[in-house]
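Everything on this sheet refers to the single structure shown next.
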Amino acid sequence: MANRVALVTGGTGGIGTEICKALANMGCRVAASWLAGVDDGETWQQNMQAAGYNFAIPEGNVADFEATAKMVKAVEEKLGPIEILVNCAGMTKDGFLHKMSKEQWDIVIRTDLDSVFNVTRQVINGMRDRNFGRIINISSVNGQKGQIGQTNYSAAKAGMHGFTMALAQESARKGITVNTVSPGYIATNMVAAMGEKIIKDMIAQIPVGRLGTPEEIARVVTFLAADESGFITGANIAINGGMHMG
Ligand code: NAP
């Protein structure tokens with residue numbers, strides 16, 4: 001497993017950061033993608049260096065097909081062919097459907113679902129040629145059960161697993177596994193933005209009685225990314241503290 005090249009989109013985010021660290025800890029050379037104008041990838045990279053991690057930081061909007069082509073090219077020139085892809089970039093723009101604008105719908109579908117096509121399409125042929133690949137799509141419990149105020153996000157995250165199952169079948173004979181990981185509510189900025197009252201109400205619905213941690217998501221990602229996990233494909237692994245059981 002040592003030295004495999006991994007790209008984590010949204011790698012500088014709350015969950016993405018822990019995934020990058022966990023993949024590096026298992027010997028991978030890791031690139032974390034980020035979005036200029038919102039994120040500060042350089043500061044993140046310096047903080048990671050201070051913590052002993054050396055990550056490449058390709059910039060690129062995953063909602064834009066041409067930008068992902070450039071981003072993947074930059075990673076492959078720097079680190080070599082991408083063998084592990086974690087599609088982790090994502091966002092929310094919540095609102096009831098009867099008040100949702102077309103912009104709110106489009107930006108979430110483009111960022112959370114189109115992005116999976118955009119980035120995976122750049123790496124799939126190389127994985128097929130080399131007869132090895134690990135693709136892990138970070139979905140959500142809300143793609144499994146639906147969530148009030150999140151028709152856009154629930155649709156995108158449910159669509160992600162349809163993509164996983166179809167591509168898993170297309171790629172199975174090529175040594176490529178494709179899996180979905182569906183986190184429940186995890187302690188990151190995305191959840192902190194919901195506010196204290198909503199978080200308290202959410203925790204009341206989680207049998208384990210707390211939010212999950214990004215490390216708990218990263219643990220499953222590294223499990224799926226391992227060479228030894230070649231018989232697990234097309235799965236959707238729930239990590240939600242018992243909140244939803246499929
Ligand atoms: P986060 O900290 O906001 O991280 C999301 C990352 O995606 C950020 O680095 C963000 O960059 C990046 N991103 C957003 N739009 C992008 C774009 N167009 N192009 C490139 N990068 C973009 O959130 P998180 O909690 O770690 O979430 C990571 C993933 O887990 C997401 O897919 C999310 O839907 C999923 N998830 C999270 C939870 C949870 O409870 N936290 C639960 C279920 C699923 P910027 O900072 O520049 O926007």
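Counting starts at 1 for both ligands and their atoms, in listed order.
For ligand 1, the polar-atom distance check finds an N/O of I15 within less than 3.5 Å of one of the ligand's N/O atoms. Polar contact with ligand 1: present for I186 (N/O pair, distance under 3.5 Å).
Close approach of ligand 1 to S139 (heavy-atom distance below 4.0 Å) involves ligand atoms 35 (C), 36 (N), 43 (C), 44 (C). Short contacts between ligand 1 and C88, defined as distances under 4.0 Å to a heavy atom of the residue, involve ligand atoms 28 (C), 29 (C), 31 (C), 32 (O). Each of the atoms 40 (O) of ligand 1 lies under 4.0 Å from some heavy atom of Y185. Short contacts between ligand 1 and G60, defined as distances under 4.0 Å to a heavy atom of the residue, involve ligand atoms 19 (N), 20 (C). Ligand-side atoms of ligand 1 in range of T12: 9 (O), range being under 4.0 angstrom from any heavy atom. For ligand 1 and V191, the ligand atoms under 4.0 Å from any heavy atom of the residue are 39 (C), 40 (O), 41 (N). Against a heavy-atom cut-off of under 4.0 Å, Y153 is close to the following atoms of ligand 1: 33 (C), 34 (O), 35 (C), 36 (N), 43 (C), 44 (C). Under a 4.0 Å criterion applied to the non-hydrogen atoms of T111, ligand 1 contributes the atoms 15 (N), 16 (C), 18 (N).
Residue contact check for ligand 1: N189 places no non-hydrogen atom closer than 4.0 Å to it. In this structure, R110 falls outside the shell of residues with a heavy atom less than 4.0 angstrom from ligand 1. Residue contacts with ligand 1 leave out W34, since none of its heavy atoms falls under 4.0 Å from the ligand. Residue-ligand proximity: S182 is placed with every non-hydrogen atom at 4.0 Å or more from ligand 1.
A22 and T222 get closest at one heavy-atom pair: CB-CG2, 3.5 Å. Across all non-hydrogen atoms, the minimal contact from L167 to T120 is CD2-CG2, 3.7 Å. Taking all atoms of both residues into account, the shortest heavy-atom contact from V75 to P58 is CG2-CG, 3.4 Å. Scanning all heavy atoms of the two residues, the minimum distance from W105 to A155 falls at CH2-CB, 3.9 Å.
Atom CZ of R219 is surrounded by 12 or fewer heavy atoms from other residues, nucleotides or ligands within 6.0 Å.
Below 30°, between 30° and 60°, or above 60°: for H98 and F96 the angle between ring planes is above 60°, a perpendicular geometry.
Remark: among candidates S33, G14, G11, G90, the nearest residue to atom 5 (C) of ligand 1 is G90, based on non-hydrogen atoms.
With sequence neighbours excluded, the residues satisfying side-chain contact (heavy atoms from CB on, under 4.5 Å) with R210 are V208, T213, E216. Take K174 and apply the side-chain contact (heavy atoms from CB on, under 4.5 Å) test, not counting sequence neighbours, and it matches R128, N131, I176.
Ion pairing between a basic and an acidic side chain is recognised when a charged N comes within 4.0 Å of a carboxylate O; E77 and K73 show such pairing.
With T180 as the fixed residue, the side chain to side chain contact (heavy atoms under 4.5 Å, CB included) test singles out one of I138, T164, N87, V116: T164.
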